[in-house]
Number of protein chains: 2
Amino acid sequence: MAGRQDMVIWMRPEQAAVGRPAERSRAEITAAAVALADREGLAAVSMRRVAAELGTGAASLYRYVATRDDLLDLMTDSTAAGYDLPEPTGDWLADLVEVGRQARRIMRRHPWLPALVTARPVLGPNGVDVLEHVLGVLAAQPAGAAAKLEAFALMNAFTAVFVQHELGGGEPATRHHAAYLRQVAAAGGHPRLAAALTEAAAPADGPADHDEADRYEAALARVLAGLLTPPR
Amino acid sequence: MAGRQDMVIWMRPEQAAVGRPAERSRAEITAAAVALADREGLAAVSMRRVAAELGTGAASLYRYVATRDDLLDLMTDSTAAGYDLPEPTGDWLADLVEVGRQARRIMRRHPWLPALVTARPVLGPNGVDVLEHVLGVLAAQPAGAAAKLEAFALMNAFTAVFVQHELGGGEPATRHHAAYLRQVAAAGGHPRLAAALTEAAAPADGPADHDEADRYEAALARVLAGLLTPPR
DNA sequence: GTCATTCGCGAACGATGTTCGCGAACCGAG
DNA sequence: CTCGGTTCGCGAACATCGTTCGCGAATGAC
């Protein structure tokens, strides 16, 4: 008979009904992994490191999780518990932007999240609640179900890309990348790029978080309006 | 003095001016890696496998590439050579959608590309040409340079997410994921989700590639129009 | 021909995800 | 209270990975 390993982790029972009871829980392991990722980045989340964080052996984790990817899925969904989902107000666009605002807040609190959700978009119990809320907000909208699901996926991806740009500003890789772009611009073959780079580097006033948030919400509103408003 | 390793690969000289000449080139190694990824997926692109594909030792690759990530960057940029960039027509939206159409074609030809560009968005010589073209198309548009660069990044991310959904239809992970969503829907606590799933699964007529392409281009046009059209 | 310099690459290092196997721990039945 | 069935914790091992080291061989400039 086929094993139970080949399904999403939330379809497998957490504890066996009989036998020696487990000393830890999925939630406990997930919390340790999230704390570790917050502190040292996603690359530090190895089975051995997480186990050490819990004071156990690496092999023990496989009693709770079939694979490392399962653990990453648990981490992703656990962050979705941080949403506060109020009743729809009737203004679907404003309600969606509010969801986006919270997504941005959560992703900024967990800098590893954008990379994870783009690499493995996954819906666990908490993520499903968010999706249900979004579908409720869009209930009166004339778009099809497929379009609404797509809009939800795109909203997450858009937020992830945006936050990655925000947080990556000081990252070395981005700096080196910028150095290459400046070299290309200086070479002369790409005048539009050269102009764009000097113009984009112009606003020397400190980019407060307030401005970034406004830019994010404005862009998200435009994208969502473009996606979900019926063509005239 | 600081080494030269800590910069984007395209800022380092490909060949030394003196000494024994190299037997291979970056382009050759990149091509081998791309062919391997096309055939067996991105996970198969290890230094040893790529070297074996070329009939050399794994350590030899480090004469051409400082790190595996450098090789991935080369792969990404090499696919950007596949764009055909015609003169702008004057209709910026149509021109941008044409770029998106080509991006989708290229990503479908290289199924590993969406994951790679979302994980490591990078601009090499070919990518820079595409960006220059996009900036040329948007030259008359009243948006700021930062907004245009953001639109370019978002266009790529949007296309990657879309293609990933398209190609992921048959992937096991997506199937298992769908099984979980159906279970949640059947449990009863998420009526909107249940309705959306049944409605989205309804169109039993064969979803030809034509339909997918139209849906992609329509959605992209809406997103871009929302992002780059000045508010009224 | 000499020499500085680079190239190719076998071998090794450290780290990773995962599996195996077994002794210990637990619960319910008798 | 004992015993049997079952699960748990986890040390050890395996395969594989990215990367480094070191040295003989190849090369072009003079």
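Note on naming: letters A, B, ... go to the chains in the order of the sequence lines (proteins, then strands), and numbering restarts at 1 for each one.
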Item to check | From CD (Glu98(B)) to CD (Gln102(B)), nearest 0.5 Å | outcome: 4.5 Å

Next on the checklist: Distance check, rounded to the nearest 0.5 Å: Leu72(A) atom CG versus Asp77(A) atom CG?
Outcome noted: 13.0 Å

Next on the checklist: Any donor-acceptor pair under 3.5 Å linking the side-chain atoms of Ser25(A) with those of Tyr64(A)?
Outcome noted: no

Next on the checklist: Testing the 3.5 Å rule here: is there a donor-acceptor pair between the side chains of Asp73(B) and Trp10(B)?
Outcome noted: no

One thing to verify: whether [Y] and [X] come together as a salt bridge, which I'm taking to mean a side-chain N less than 4.0 angstrom from a carboxylate O.
X	Y	value
Asp70(A)	Arg12(A)	yes
Glu217(B)	Arg104(B)	no
Glu212(B)	Arg108(B)	no
Arg192(B)	Glu199(B)	no

How long is the line joining [atom1] of [X] and [atom2] of [N], in whole Å?
X	N	atom1	atom2	value
Leu71(B)	dT19(D)	CG	C1'	14 Å
Leu42(A)	dT16(C)	CG	C1'	14 Å
Asp70(A)	dG17(C)	CG	P	13 Å

Checklist entry - For Glu23(B), which contact category applies under a 4.0 Å heavy-atom criterion: base, sugar-phosphate, or nothing? => result sugar-phosphate

Checklist entry - Checking all strands, does Thr56(A) fall into the base, sugar-phosphate, or nothing category for heavy-atom contacts under 4.0 angstrom? => result sugar-phosphate

Could you list, one pair per line, each protein nitrogen or oxygen that sits under 3.5 Å from a nitrogen or oxygen of nucleotides 14-18 of chain D, together with the distance?
| from | atom 1 | to | atom 2 | distance (Å) |
| --- | --- | --- | --- | --- |
| dG18(D) | OP1 | Arg68(B) | NE | 2.8 |
| dG18(D) | OP2 | Met47(B) | N | 3.0 |
| dG18(D) | N7 | Arg48(B) | NH2 | 2.6 |
| dG18(D) | O6 | Arg48(B) | NH2 | 2.6 |

Tabulate protein N/O versus nucleotide N/O from nucleotides 21-27 of chain D, keeping only pairs under 3.5 Å, one per line.
| from | atom 1 | to | atom 2 | distance (Å) |
| --- | --- | --- | --- | --- |
| dA25(D) | N3 | Arg20(B) | NH1 | 3.3 |

Checklist outcome for this item: The answer to which of Tyr64(A) and Ala17(B) contacts DNA chain D further toward the 5' end, by nearest nucleotide, is Tyr64(A)

